[in-house]
Amino acid sequence: MGVTEWLLRRAAGHPRPFVVSAEHGTRARLLGEAEIARRRWRPAEPAGEANLLLVCGAPREEFDDAIRTVWDDMPGPRARVDLPGDASSGSIGQSLDRAVVHLADKDAQWRDAAARAGKPWSPGEERHSPDADAPRHGHGSHATHGQEHDEHEGGHHEHHMGNPGGLPMADRGPDRDGLSLDRLRVPMGPILSDWPCGLVVESVLQGDVIQEATVRWMRSGESFWSEPWDRAAAGHPVTRAEAGRRRAAAHLDSLGRLLSVSGWSGAARRARTLRDRLLADVPRDALAAPYRSFERQVRRSRTLRWMLRDVGSTEDGDAVSRLEGWLTWTRAAIESLEDETPLDGEPPARNVLHPGLLVGVELASARLIIASLDPDPAVAHA
Amino acid sequence: MAAAFWILAVGSVAAGVAVFVVDSMARATFALLASLLAVGVAFLLIDLEYLGVLIILMMVMEMLIMAVFMIMYMMNPAGLMPMKMVHNNRGALIISGSVFVLLAAGILLTSWPRRRGEPPADPTHELGLAIMGQKMLVMMVIGVAILATMISTVVLTTHRGRYDRYGEDLKRRRPLDPGPGSEVAKGPVPPAAEHHAGHGSCGSPDPREDSR
Amino acid sequence: MLDATLLALPLALVTLGLAAACLDAILGGARASAPFGEVARLLVQQRRRTLLPDTLLLRIGVVSLVVAPVLAGIVIPLADAPVADLAVGIVWFNAMEVCVWGSLWLTGWSVNSVYPLVGAYRFVAQGLAYELPHMFALITVALGAGSLRMSDAVQAQQGLWFVVWMPLAFLIYLVSALAMAFWGPMSQPVSDDLAGGVRAELSGPDRLLFQAGRYALLVVAAAAAVPLFLGGGAGPVLPSWLWVLIKTTAVLGLLVWIRHRVPAIRMDRFTQVSWLVLIPLSLVQLLVVGIVVV
């Protein structure tokens, strides 16, 4: 008894948070991430490692089902924090403290575990909406890999081989090398780490190569990043400094995501720290030098260039050119942090994710393409 | 020593039988690995340390590669479907039984030489000299040549050549490969009827069906 | 002193593994006590079960990931002598770390889930890419030492450490150490872009064993660099076990630091470099060493 409690308390001191950003949740997400970094917790990058779920904003129904799936699949001891979109830094801190207390509360966790006991998932039951399943828990897919269709033995090979465990076996189809391999339907998203929250890419995988992809969104566009321009268009006085600050933070957010998906956790952390400092209204002098050294480090990295070259090539360039574009724009935005002239002009356009870019590409490259575009539904709905 | 040998021998045979008994192809591959590892450990018992450890090393790598192909080509790779995965049971049992009897008879009836003198201080070294003798350098060169041949064979089997990758006049700086998923690289796909490499190792979906 | 080294090996693995985890936490911006909190968390965490897993293979996979590095470590000289000074120590080390291929593939396969399976196959591809240069690097050491015994390799470095006149082999060994422990730039099999890859569906005690095995593998890979390239326990004032510890810690620190410094390397691009650049380089190094020795 004492041992479990002691372990629980030690564990509660180091929770692994996972942040989900829903409708209008960006502001709360950014404040939440800053608070987590300030407490020096280690974010659980894959949701499977997490024991603290932070939901920011007000999710719509479909997205709420997806969040509930992630929450249901989280092994105990666990805690959930729901933050409204306009949460303040102080209230976020208090919610996190309450979550830590909940994590250390043995009786509450036992009750939680007892409530979930004896209800294993089976494909027959209607679990909210099945296509909102985060593929992370993998119930919706069978791990049969490729199979060859023997042409000679014709007749008695059926395509639908029955339903072990209640799930149909994967169907077969031709692949790019002329083999006939299994086709697995895997919805990527809506909740993955370093992923545009609410994005679902319904893909058909053969092995780990995407053969077909459709893109849909479970939330509508985010107006947080274009807020200065919207306010200026509505007639309020907005300076270029404010807009520059918001723009630099947006690009650093995207950069953090891209660098994290590329596996460079050190640089991603630097980007996110700079973003948090920008949003905390740190003056330009304190930011220019750290940003410049960060930019130098990223630009000089030959390994990053090697990995990102020709990934997601469009007429405008590939992932490397998008990365460099973000870096350049951020530098310009940071330079303009003291510019008090009034703002005019259009907000920076977000990239659009064309599903065709993902076809024929393997999973790692697909993640990099999406991270290098960092799409947002606001553009899609425009 | 004798006890260890018999444990390994029985284990090896049992694992070999398991290869054909289990439904899951993954389990079959690893049962085969267990059988071969038992053989490798048996080598350690007769002081052939180098060969024994080498067998362990090679077999793990090879069985992993075989696992990839087993999962790719065999039906029912996870054993989730109730499927008969073997063909021609009676014929196979008769053939394998008779081969086993033949080999066992050969082993038991041969007059094996008795050990004369002491085992050498470095059995690996002595074994190498005995097998390769004065031709050690030739053997090493041939080893590298075999590696080069294997790599070249793999390169030759791809149906994209230099001109596909580097352009008509071989001037392109970086080769165009299917990796990035570009449309160009999705070259001509051979018709599906070409890959009739099915060697009858697919399982029969109907458990009642007699094997032909 | 068989007994002392027999106890010292697991103790060293656990201590150095925790130290590596703490360093990794600090470099990652968390507190140094984070690994202890993580161990506590995993000890009380519920175990996750997926639909129709292959439980036998899963247990074999996870447990072998812990056992393989311990077995690989028995041939590494801790002070002057290893736990078992096999005559074919270098090949034994190689064989035991290859068993990790099996562990990862089994773990990824058995949980019946897409992302772990993709991670498992990524590791097989990674294995094929790094194994040949790795083997050539080890053969170079054996050639320089004239023997496959680790303590003979230490003896042969009395005059000059191998890292000085076999620098290519040392670099290739470091790259393959990262790859064999699927750490840092080579962590695609367990990377976050696959929701954790091979360990995505593991939780509780399974995940704890998996992480422990991974760190043990990293420690053993770093520790093996010492007798192979860095002269073993040789050094001026301090006793040999302390030198071994210092050198192992240095290599381990380097490997942990690299994780935060270099982006992840994908195998579809790395295989070309590995086979077309690293193998010829290692062969050239082998040739040079062969000429010097003969």
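Order of the sequence lines sets the chain letters (A, B, ...), proteins ahead of strands, with each chain counted from 1.
Of the atoms belonging to A:Gln297, it is side-chain heavy atoms, and not backbone ones, that fall under 4.5 Å from chain C. Of the two parts of A:Ser301, only the side chain, counted from C-beta on, holds a non-hydrogen atom closer than 4.5 Å to a non-hydrogen atom of chain C. Contacts of C:Leu42 with chain A are absent, with no heavy-atom separation under 4.5 Å from either backbone or side chain. Using a 4.5 Å cut-off between heavy atoms, A:Leu368 contacts chain C through its side chain alone, with no backbone atom that close. A:Ala371 does not touch chain C: none of its heavy atoms, backbone or side chain, sits under 4.5 Å away. Interface remark: A:Arg39 contributes backbone atoms only to the contact with chain C (heavy atom separation under 4.5 Å). In this structure, the portion of C:Arg199 lying under 4.5 Å from any heavy atom of chain A is its side chain and not its backbone. Both the backbone and the side chain of A:Arg10 come within contact range of chain C, with heavy atoms under 4.5 Å apart. With a threshold of 4.5 angstrom between heavy atoms, C:Ser187 does not approach chain A through any atom at all. With a 4.5 angstrom heavy-atom cutoff, C:Val118 touches chain A only via side-chain atoms. C:Ser191 does not touch chain A: none of its heavy atoms, backbone or side chain, sits under 4.5 Å away. Residue C:Leu43 touches chain A through its side chain alone, counting heavy-atom pairs closer than 4.5 Å. With a threshold of 4.5 angstrom between heavy atoms, C:Phe36 approaches chain A through side-chain atoms but not through N, CA, C or O. Only the side chain of C:Val273 comes within less than 4.5 Å of a heavy atom of chain A; its backbone N, CA, C and O stay farther away. If you measure heavy-atom distances from A:Leu308 to chain C, the contacts under 4.5 Å come from the backbone alone.
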Salt bridge (Lys or Arg N to Asp or Glu O under 4.0 Å) between A:Arg257 and A:Asp374, intermediate numbers included:
CA-CA 8 Å; A:Arg257 213 171 276 153; A:Asp374 207 18; 2.6 Å; yes
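At distances below 3.5 Å, at least one donor-acceptor pair connects side-chain atoms of A:Asp318 with backbone N or O atoms of A:Asp310. Remark: side-chain polar atoms of C:Tyr173 are paired, donor with acceptor, to backbone N or O of C:Ala221 under 3.5 angstrom. Remark: side-chain polar atoms of C:Arg266 are not paired, donor with acceptor, to backbone N or O of A:Ala364 under 3.5 angstrom. The backbone N or O of C:Ala179 sits less than 3.5 Å from a side-chain atom of C:Gln126, completing a donor-acceptor pair.
Atom CG of C:Leu281 sits about 9.5 Å away from atom CG of C:Leu171, to the nearest 0.5 Å. Distance check: A:Lys106 NZ to A:Glu5 CD gives 5.5 Å after rounding to the nearest 0.5 Å.
Geometrically, C:Arg269 does not engage A:Trp306 in a cation-pi contact defined by less than 6.0 Å to the ring centre and at most 45° from the axis. Both the sub-6.0 Å distance and the 45° axial angle are not jointly satisfied by A:Arg16 relative to the ring of A:Trp41.
The candidate from A:Ala11, A:Gly13, A:Pro75 with the greatest count of non-hydrogen atom pairs under 4.5 Å with chain C is A:Pro75. Contact count versus chain A (heavy atoms, under 4.5 Å) is highest, among C:Ala30, C:Ser203, C:Gly37, C:Gly184, for C:Ala30. Of the residues considered (A:Leu7, A:Leu304, A:Leu103), A:Leu7 shows the highest number of contacts with chain C, using heavy-atom pairs under 4.5 Å. Most heavy-atom pairs under 4.5 Å with chain C, from the set A:Glu45, A:Arg42, A:Gln109, A:Arg269: that is A:Arg269. With chain A as partner, the option from C:Arg259, C:His260, C:Gln46 having the largest number of non-hydrogen pairs under 4.5 angstrom is C:Gln46. Ranked by heavy-atom pairs shorter than 4.5 Å toward chain C, the options A:Leu363, A:Leu8, A:Leu205 are led by A:Leu363. Between chain C and the residues A:Gly76, A:Ser265, A:Ser262, the largest count of heavy-atom pairs under 4.5 Å involves A:Gly76.
Note: C:Phe182 and C:Phe123 have perpendicular aromatic rings, judged against thresholds of 30 and 60 degrees for the angle between ring planes. Taking the six-membered ring for Trp and thresholds of 30 and 60 degrees, C:Tyr130 and C:Trp101 have ring planes more than 60 degrees apart, a perpendicular arrangement.
The two residues C:Asp268 and A:Glu362 come nearest to each other via the heavy atoms OD2-OE2, 3.4 Å.
Using a cut-off of 4.0 Å between Lys/Arg side-chain N and Asp/Glu carboxylate O, C:Asp206 and C:Arg59 are scored as salt-bridged.
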